[in-house]
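First up is the structure itself, then whatever we jot down about it.
Each chain gets a letter, A, B and so on, in the order its sequence line appears, and its residues count up from 1. Atom set for the values below is all heavy atoms of this structure, side chains included, hydrogens, waters and symmetry mates excluded.
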2 protein chains.
Amino acid sequence: MVKKYVTLKDIAKIAGVSVNTVSRALNNKPDISKKTKKKILKIAKELNYRKDFTASSLRRKESKIVGVILADSANPFYSEVLKGIEAASKEFGYNIILINSERDYEQEVEAVNILLSRRIDGLLLSPVQERQDDVEELIRLRIPLVIFARHFEDLPVNEVRSDDIKAGYIATSHLIERGAKKILMVNGYLHKSPARLRLTGYKQALAKYGINYSDKLLIVGDIGMEDGKKAIDEALSRGISFDGVFAYNDMLALGAMKALKEKGIRIPEEVKVVGCDDILFSAITTPSLTTVKMKKYEMGYEAFKLLIKVLRGKKRIEKKVLDVELIIREST
Amino acid sequence: MVKKYVTLKDIAKIAGVSVNTVSRALNNKPDISKKTKKKILKIAKELNYRKDFTASSLRRKESKIVGVILADSANPFYSEVLKGIEAASKEFGYNIILINSERDYEQEVEAVNILLSRRIDGLLLSPVQERQDDVEELIRLRIPLVIFARHFEDLPVNEVRSDDIKAGYIATSHLIERGAKKILMVNGYLHKSPARLRLTGYKQALAKYGINYSDKLLIVGDIGMEDGKKAIDEALSRGISFDGVFAYNDMLALGAMKALKEKGIRIPEEVKVVGCDDILFSAITTPSLTTVKMKKYEMGYEAFKLLIKVLRGKKRIEKKVLDVELIIREST
DNA sequence: ATCAAATATTGAATCGTTTAAAAGGCAACA
DNA sequence: TGTTGCCTTTTAAACGATTCAATATTTGAT
């Protein structure tokens, strides 16, 4: 087999010094003469030396790798968050290993195990929340951990997420202020904290305006575009009447709008629609979608920054909540 | 400092055997008695042993990590490709380290260097193509490499990409068949092979229908949604008349449609628009976008599979071209 | 010129796993 | 009893970088 990479030993031999000296030269350590250092750096450059991070990680017990587990990197929400994570990782000299959980608890657990085997320095996780033993285990193991886009009220774990209650509240308030009285909430599964919290916000807004909450107007399910369509079709076929829709996310909202348009129901005249997330495409549909903007890129970036703080010794648990903002467009 | 992870040595001590025996037990190697193996596995499980991949990689000279460099993981095209890569990586027992090049050659080179330092087993790269010395260097270093979504005619490098000439050809032919005669091509920069090849297809279609090619109808630039809008605004302000638009990708096409709608130009009556990629949102705009569907997920998946073949000894260079398909919608 | 102090360099061990080679144990057979 | 061969286990070295302790070299003060 061809020898592929140059080692400290190779450089040491040529420079006529010890491996140790080479190491110190390349790592800007003290206790080395300018002359020797210069010579070594020159040789290293000529040979195109690249530090073996594998060996370095083993010895230093620090991999400079952060694990990232999220539901689906192709989802417009997560792909923006991921981008923020990736950008921050560059800034702080880390690399990221990405694993999609596909919203499956088993896969999430598997991903955690693989990443621990990789000896990642820390983990950014957006848990499925079907169960939470894996998060509890991570806490028990004292793995540097930041949860994003999720909330665990009762667990001492670092978090960066959006203000989901406010999101639900301002979206619903806006619908009511525009005249809607019977507001369908097309939600995700309630084991996920954002779904629960947005529902809370929804209820709070109804209460504020003196509208009674009704279970009949709550639809819970998956959160793809087709699911939004399905939800509307189902509501209509069940004869549920509504003049507003608040969807868990923009994908659902867009699917819902599609279904409404197909039935010839006019938006916003007959039914007003509000989404959540403010993905890029919400702005360009017809009608364009009123939505609650979430700081996706920032969420990823801030989560990474918080993880770095943890890696640097921060002990106190931080649960950061990012502000949200209503973006009014044509659908209301 | 608390000792975090259990090692082979820990297990060996408890089991009363050598480290080597433990290693063989856990790696399903022969030459071990059933009794010893069982005992060791039991202890390993009790102690929650996790193999240290760092150490293993160092010794075996194989990291089971593949590097992925692409322009922008938040772009709907790349995020689908990435998903295919990620899915395949799971299937073959690898992990991926993702780095965005941000369409910047310097960042691409930097990413390559970092990944080589990480001793990745192979690299999946969608190069910026401003220059190609880095790709040439990778070939020279014999790094297992698969290029995706790009084509290097003159380099012996494995590739998986879409049939870009056909894409340009069928898109343009379709526009002509629907009656367009003056077709604006809103393209990406021509140093990128897909831009060049789609332009070739565009010209071939014009030629087939006896329409003269004109430089005036070619606009070259960045490929975000705003750029599509800008391109149309510019063409109109320059007084260039056109009745069809073929955009390099759907983002550009959607931006172009937005600009046309704002000017009160009817689609498809006055101007017909075709995009490329078939991202999710092309189907839900109004009018929905006719486009050339590309197998994005498959591209990622196939690229990974090809890389695996290379890692397993495949020597012959393969340049795989994935078929494309016209999806006719309301914009034509 | 001499000794102490400061600076530069080296040797050896280590991180945790894997591999090659050596050795130990046991049964069968002459 | 001794030899052969098979199966199991151990010993030792290796992967490449880093660190600690030890040694070598230079500098400065007297």
**Request:** Could you please name the option among C:dA8, C:dG16, D:dA17 that lies closest to any side-chain atom of B:Arg59?
**Result:** C:dG16
**Fill in**
The answer to which of B:Thr21 and B:Leu58 contacts DNA chain D further toward the 5' end, by nearest nucleotide, is B:Thr21
**Item:** Candidate nucleotides D:dA17, C:dG16, C:dT9, ranked by approach to the side chain of A:Tyr49 - the nearest
**Value:** D:dA17
**Prompt:** Just checking A:Val19: base, sugar-phosphate only, or nothing, at a heavy-atom cut-off of under 4.0 Å?
**Reply:** base
**Request:** Indicate whether OP1 or OP2 belonging to C:dT9 is found under 4.0 Å from a side-chain N or O atom of A:Thr36.
**Result:** yes
**Message:** Side chain of B:Ser18, heavy atoms from C-beta onward: which of D:dG16, D:dT9, D:dT10 has the nearest atom to it?
**Reply:** D:dT10
**Prompt:** Do you see a donor-acceptor pair shorter than 3.5 Å between the side chains of A:Asn20 and A:Ser23?
**Reply:** no
**Asked** Distance check: side-chain N/O of A:Lys29 vs OP1/OP2 of D:dT18, anything under 4.0 Å?
**Response** no
**Of the listed nucleotides C:dT10, D:dT18, C:dG16, the one nearest the side chain of A:Arg24** = C:dT10
**Message:** OP1 or OP2 of D:dT18 versus the side-chain N and O atoms of A:Lys61: is any pair under 4.0 Å?
**Reply:** no
**Item:** Short side-chain N/O contact from A:Ser33 to OP1 or OP2 of C:dT9, under 4.0 Å
**Value:** yes
**Message:** Whether B:Lys83 and B:Glu80 form a salt bridge (side-chain N of Lys/Arg under 4.0 Å from carboxylate O of Asp/Glu) is what I want to check.
**Reply:** no
**Prompt:** Within less than 4.0 Å of OP1 or OP2 of C:dT18, is there a side-chain N or O belonging to B:Ser56?
**Reply:** yes
**Item:** Between D:dG16 (P) and A:Arg50 (CZ): distance, integer Å
**Value:** 15 Å
**Request:** Ignoring the backbone of A:Lys51, work out which of D:dT19, D:dT8, D:dT18 is nearest its side chain.
**Result:** D:dT18
**Message:** Between C1' on D:dT9 and NZ on B:Lys39, what's the gap in Å once rounded to a whole number?
**Reply:** 12 Å
**Request:** Determine the contact category for B:Asp52: base if any of its heavy atoms lies under 4.0 Å from a base atom, sugar-phosphate if only primed atoms, P, OP1 or OP2 are that close, otherwise nothing.
**Result:** sugar-phosphate
**Message:** Can a side-chain donor-acceptor contact be found between B:Asn27 and B:Lys51 if the only test is distance below 3.5 angstrom?
**Reply:** yes
**Request:** Please report, rounded to the nearest Å, how far the P atom of C:dT7 is from the NZ atom of A:Lys35.
**Result:** 18 Å
**Request:** Rounded to the nearest angstrom, tell me the gap between atom NZ in A:Lys9 and atom P in C:dA12.
**Result:** 14 Å
**Request:** In whole angstrom, give the distance that lies between atom CG of B:Asp31 and atom P of C:dT19.
**Result:** 13 Å
**Request:** Mind checking A:Leu8 for me? I need base, sugar-phosphate or nothing, with any heavy atom below 4.0 Å counting as a touch.
**Result:** base
**Prompt:** Quick one: A:Glu62 CD to D:dT19 P, roughly how many Å, whole number?
**Reply:** 10 Å
**Item:** SB check B:Asp31 B:Arg24 (cutoff 4.0 Å)
**Value:** no
**Item:** Separation of atom CG in B:Asn27 from atom P in C:dA20, rounded to whole Å
**Value:** 14 Å
**Request:** Look at atom NZ of B:Lys319 and say whether more than 12 heavy atoms of other residues, nucleotides or ligands are closer to it than 6.0 Å.
**Result:** yes
**Item:** Whole angstrom value for the distance that separates C1' of C:dT18 from CG of B:Asn28
**Value:** 15 Å
**Asked** What's the closest nucleotide to the A:Asn20 side chain, out of C:dT9, D:dC20, C:dC15?
**Response** D:dC20
**Request:** Inspect the surroundings of NZ in A:Lys13 and state if more than 12 heavy atoms from other residues, nucleotides or ligands are less than 6.0 Å away.
**Result:** no
**Request:** Give the nucleotide from the list D:dA17, C:dT18, D:dT8 with an atom nearest to the side chain of B:Arg60.
**Result:** C:dT18
